[in-house]
Amino acid sequence: MTQGDVLVRAKSLEVHFPLPAPGPFRSSPGAVRAVDGVDLEIFRGETLGLVGESGCGKSTLGNALLRLVEPTGGAVEFDGTDVTGMPARELRALRRRTAMVFQDPFASLDPRFTVGESIGEPLVIHGLHRGRERRRARVSELMEIVGLNPDLRNRYPHEFSGGQRQRVGIARALAGEPDFIVCDEPIASLDVSVQAQVVNLLVRLQRELGLTYLFVSHDLAAVRQVADRVAVMYLGRVVEIGDGVAVGDEPQHPYTEALVSAVPVPVPERERVRERIVLQGDIPSPTNPPSGCRFRTRCPRVFEPCPDHDPVLQPVGSRQEAACHLHGVTG
Amino acid sequence: MSIEESAETPPVTRQHRPRWLETLTLLARNPLAIAAVVVLAGLVFAALLAESIVPRDDIFTPDIANRLQAPSGEHWFGTDELGRDVFARVLAGAEVSLRVGAVAVGISLTAGVVVGLLAGYFGRWVDDTLMRVMDVLFAFPALLMAIAVLAILGAGSTNAMIAIGIVYTPIFARITRASVLSVREEVYVRAARSAGAGNVRIIVRHVLPNVTAPIIVQTSISLAFAILSEAALSFVGLGTQPPDPSWGRMLSEGRGFIEQAWWMAVFPGAAIFVTVLAFNVLGDALRDVLDPRQRSAMKGVGA
């Protein structure tokens, strides 16, 4: 992996969803800060895993990078171009180079489209492989690439199993020969036996086609399997980022420690002595995050500077960065 | 249908059949629906061929000598106050009533669906503006509104179609908008956008096909209402003008002779009744077949 060739960059990216005003003459009570100041670089050809619990903003971040959700602050650069202020027409053209694989492959396929039509839709939109016969050939090729029988192209999504549908979703994502694919919990709604197949497919496609992935998941074990680097999100912020092995084996942020401790170890002797860090309480409201460090309300290692200083990411060791005062007070 | 299950293809549960064919098959299992379709087909047939089935003279030319004859072998539905054959006029009236129904519903369907799609999809000020206009139209009692429109446009069956079309537009707009509001949040709409689809493509190819079910049902119900409205407008003299036959007009004229010649009002009334009933039965059957839950249940029974 060549570090330094940045394909996607987020700069202090913010996505705030304003809450509706309680009455016609009252002001909005605030906003849900789903993504609240994220700096992120995704290098060409790598898989960046993005983990965090439900509601931490990881899916919103993935959507915002593709501008499927409008950022309310900061900027997103794709291959050196700022896409945040890009007019709709240019943005649509750029969408050929990006794609998304969705969590629920049934919901993400239009029930009125045959799978062949769904896979071929990006070709129609971007005017690729023009002509019925050439488009058909390309759809067949895509179906073969993801391990589907091209003869099934005239069937409807409801006739497929979950794993097959996800293959359709992946084939559709590949149609425009994208550089960057956001995989938004691509295996979360699949049977365990099918999850491995889909992960292996994604890994193989990356190797063969030189794709760059953002792999969003709440499953740290799955992320460690596919990701070169891992970013951990908590309440709209990235709290730790770095080499996948390093983050998994030597977590430097207490939140990552808790996440890692929750992953079962497939070795009985080690599983028996595994220390489980159970976080107390719920994730605080993203409308009104805690002062200072956002994790302090649930952190088992909270100390004096935490309520007053908002920690920033700082290098810890050579392979990762963490936003925690334990490594020197910042912010 | 000839798809071989190969080793790398896990079995696919159901045979592939186009959705519309499945819908028709399920519809054909409902005897009431079949009856309704037969009745409506007969009416359309009568409307198109009325003038070749019955002599034009029977419809239009007065025959004072034979006026107010009771139903008989010669005049099945009797004759009216000018001696015209009521059966011939009911057949010819089918053409007017069905045409007014089809054109009026065509107008409100087109306008309402376009307004509903735009309002529901774009939301915000587009929604507010369009739907407030619809609310204003909807606030008037339907017939008063139609009469007001006809007062501006002038009486006549063409203007009656336009008036009825305008009056029923808000219903289609509301129904369409409500469905669009849920469909636009579907993941497949976001998936289309992520693939680079523009608003026009998303609305036409993804949203519209997925909101058709309630619109189809509303169409069949509205056809019935439109025929009734035309009858009502003709009844007060604003719709079809004499000597053209229309069921509503015949009903209103027959009212004056109800004691001497009950057949003048009863047969056109019965024609309206049967037509409206057929449209409603068909609408109900369509609604059942297009509801996914009902659909699975029906399939379970039949398979």
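Below, chain A is the first sequence line, B the second, and so on; all start at residue 1. This structure is a prediction, so every number in the text was calculated from the model and none was measured. The basis for the numbers below is simple: all heavy atoms, side chains too, and nothing from hydrogens, waters or symmetry mates.
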Are A:Ser140 and A:Arg153 linked by a side-chain donor-acceptor pair shorter than 3.5 Å?
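Judged by distance alone, the side chains do pair up.
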Quick one about A:Asp184 and A:Ser59 (side-chain donor to acceptor, distance below 3.5 Å, no hydrogens or angles considered), yes or no?
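The answer is yes; a qualifying pair exists.
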> Looking at side-chain heavy atoms only, is the closest gap between A:Gln197 and A:Asn200 below 4.5 Å?
Replying inline: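 The answer is no; the side chains never approach within 4.5 Å.
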Donor-acceptor list for residues 202-209 of chain B side chains, cut-off 3.5 Å, not counting sequence neighbours:
residue  : atom : partner  : partner atom : Å
B:His206 : ND1  : A:Asp110 : OD2          : 2.7
B:His206 : NE2  : A:Glu121 : OE1          : 3.3
B:His206 : NE2  : A:Glu121 : OE2          : 2.5

NZ or CZ of B:Arg190 within 45° of A:Phe102 ring axis and under 6.0 Å |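 Negative - B:Arg190 is either too far from the ring of A:Phe102 or too far off its axis.
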Could you tell me which portion of [X] (side chain, backbone, both or neither) has an atom closer than 4.5 angstrom to a non-hydrogen atom of chain B?
{"X": "A:Asn63", "result": "side chain"}
{"X": "A:Val124", "result": "side chain"}
{"X": "A:Arg172", "result": "side chain"}
{"X": "A:Leu66", "result": "neither"}
{"X": "A:Phe106", "result": "neither"}

query: Under 3.5 Å, side chain of A:Gln103 to main-chain N/O of A:Ala188, donor-acceptor pair present?
result: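 Side chain of A:Gln103 to backbone of A:Ala188: no pair is present.
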Residues of residues 126-137 of chain B contacting chain A, heavy-atom criterion under 4.5 Å, by residue number: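 Within residues 126-137 of chain B, no residue comes under 4.5 Å of chain A, counting heavy atoms only.
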### Heavy atoms from other residues, nucleotides or ligands near CZ of B:Phe225 exceed 12 (cutoff 6.0 Å)
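12 or below, so no.
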For this session: Kindly give the heavy-atom pair with the smallest separation between A:Val32 and A:Pro286, and that separation in Å.
Result: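 Scanning both residues, the minimum pair turns out to be CG1-CG, 3.9 Å.
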ask   = In terms of heavy-atom proximity below 4.5 Å to chain A, should B:Arg201 be classed as side chain, backbone, both, or neither?
value =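 Looking at B:Arg201, just its side chain touches chain A.
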For B:Leu286, which of B:Asn30, B:Thr219, B:Ile216 qualifies under side-chain contact (heavy atoms from CB on, under 4.5 Å)?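 Answer to the side-chain contact (heavy atoms from CB on, under 4.5 Å) test with B:Leu286 among B:Asn30, B:Thr219, B:Ile216: B:Ile216.
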